[in-house]
Amino acid sequence: MAPKTLRGTVRALIAPALALALAATVGPASAPAHAAVWNSCDQWGNTTLDGYILYNNIWGSGAGSQCVWANSGTNWGVWADHPNTGGIKSYPNSKKVINKPISSLSSLTSTYRVTVPSAGAYNTSYDIWDTDHDYEIMLWVNHHGAVGPLGTAQGTVSLGGHTWNVYKGSNGANEVFSFLRTSDSTSGTVNILPVLKWIKDTKGWMGDETIGDVQFGYEITSSAGGLDFRTDSLTVSGG
């Protein structure tokens, strides 16, 4: 998650220093070897595979080193070594573009299977945006360490095959709706459309927004010493 209005400023401030840090610290011994079709240790490294856009996305202040690798758009992983300090450092992710209004979607589902570390501070989450970036919907399927959602608690709801603790807030640039699964999971299926309709129709928190894309990845706050995050499989489908 990166607040829209801060992205340009944050990138301008940290890009030069981080580029030097990455060049100095990322080498053959820094990241695990993978027989991948694509990999990148670049701050904004990205590529398109099998209809998914992969993005290294090291955007937060005080970040360390991070490399992403991919066998496909739905089988990929990240090695990250971010210091044990507060604040989100990165959100490496795989994105599927939707570009349809909520009312015109007949379905929107996703399956996931991940392998995540038992150390560090992070969440594994979907990050769903409208095309204007006025609204951000986060679905946390697991989290570890000193991390928490933006905003205030709105109660608990069962939607899309899971039970979530709901939070609502704003980062100053857009509204943020966070859904935290009440028990952590490393695999499952999420029916995303009922979540969007609940926000729109039941709560009236947004209108018939055009959903731009569905991202899935790891919002990493700390991973000192180097930790592996692996997306063993992922699908995003609907229309």
Side-chain angles (χ1 to χ4, degrees), residues 1-4 6-85 87-97 112 114-117 120-129 133 136 138 140 143 147 212-234 236:
M1 176 180 70
K4 181 176 65 173
L6 296 180
R7 285 174 178 160
T9 301
V10 170
R11 293 179 185 182
L13 289 173
I14 70 172
L18 185 54
L20 290 174
L22 288 174
T25 59
V26 175
S30 299
H34 295 280
V37 300
W38 176 76
N39 59 76
S40 176
C41 299
D42 293 342
Q43 182 180 2
W44 312 117
N46 64 90
T47 194
T48 299
L49 292 172
D50 314 304
Y52 292 80
I53 300 170
L54 289 141
Y55 190 21
N56 202 25
N57 195 22
I58 308 168
W59 68 266
S61 179
S65 304
Q66 179 176 293
C67 300
V68 61
W69 58 267
N71 294 317
S72 69
T74 61
N75 174 225
W76 58 278
V78 174
W79 176 90
D81 184 4
H82 297 301
N84 287 329
T85 54
I88 299 164
K89 309 301 190 303
S90 66
Y91 180 62
N93 67 86
S94 180
K95 176 174 75 174
K96 186 80 170 206
V97 176
Y112 61 92
V114 301
T115 301
V116 290
Y122 62 88
N123 66 67
T124 304
S125 58
Y126 293 88
D127 204 8
I128 303 163
W129 290 89
H133 287 81
E136 178 180 16
M138 297 201 75
W140 294 25
H143 65 282
V147 294
D213 47 67
V214 175
Q215 304 168 12
F216 180 86
Y218 309 95
E219 197 172 52
I220 305 171
T221 293
S222 67
S223 55
L227 298 176
D228 277 302
F229 302 79
R230 191 171 73 238
T231 303
D232 301 302
S233 64
L234 171 70
V236 177

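Every side chain to side chain contact (heavy atoms under 4.5 Å, CB included) that Asn75 has, sequence neighbours left out, goes to Asn71, Ser72. Partners of Thr85 by side chain to side chain contact (heavy atoms under 4.5 Å, CB included), not counting sequence neighbours, listed by chain and number: Pro83, Lys89. A search for side chain to side chain contact (heavy atoms under 4.5 Å, CB included) contacts involving Thr47 returns Trp38, Leu49, Leu54, not counting sequence neighbours. Not counting sequence neighbours, the partners of Ser125 by the side-chain hydrogen bond (donor to acceptor under 3.5 Å, both in side chains) test are Asn123. Considering only residues two or more places apart in sequence or on other chains, Tyr52 meets the side-chain hydrogen bond (donor to acceptor under 3.5 Å, both in side chains) condition with none of them. Shown here are the side-chain hydrogen bond (donor to acceptor under 3.5 Å, both in side chains) partners of Thr221, two or more places apart in sequence or in another chain: there are none.
Closest approach of Ser40 to Gly45, counting heavy atoms only: OG-CA, 3.6 Å. Nearest heavy atoms, Ala224 versus Asn84: CB-ND2, 3.6 Å. Smallest separation of non-hydrogen atoms from Tyr91 and Glu219: CD1-N, 3.6 Å. Minimum heavy-atom separation, Trp76 to Tyr218: CH2-CE1, 3.8 Å. Annotation for Gly225 and Asp81: closest pair N-OD1, 2.9 Å, computed over non-hydrogen atoms.
In this structure, Ser222 contributes its side chain and His82 its backbone to no donor-acceptor pair below 3.5 Å. Asn39 contributes no side-chain N or O that, together with a main-chain N or O of Val37, makes up a donor-acceptor pair within less than 3.5 Å. The backbone N or O of Gly73 lies less than 3.5 Å from a partner atom in the side chain of Asp50, making a donor-acceptor pair.
With contacts defined as side-chain heavy-atom distances shorter than 4.5 Å, the pair Val68/Tyr55 does not qualify. In this structure the side chain of Tyr112 never reaches within 4.5 angstrom of the side chain of Ser233, judged on heavy atoms.
Among the candidates Lys95, Gln215, Lys96, the single residue satisfying the side-chain contact (heavy atoms from CB on, under 4.5 Å) test with Val236 is Lys96. Under the side-chain contact (heavy atoms from CB on, under 4.5 Å) test applied with Ile53, the options Asn93, Thr48, Asp213 reduce to a single match, Thr48. A side-chain contact (heavy atoms from CB on, under 4.5 Å) with Pro92 is found for exactly one of Thr231, Ile220, Asn57, namely Ile220.
Residues Asp232 and Thr115 have side chains that bring a donor and an acceptor to within less than 3.5 angstrom of each other. For Asn56 and Gln66, the side-chain atoms include at least one donor-acceptor pair closer than 3.5 Å.
Two rings, from Trp69 and Phe229, have their centers 6.0 Å or more apart.
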Mind running side-chain contact (heavy atoms from CB on, under 4.5 Å) on Trp79 and Leu227 for me, showing each step along the way?
-> CA-CA 6 Å; Trp79 176 90; Leu227 298 176; over 6 Å; no
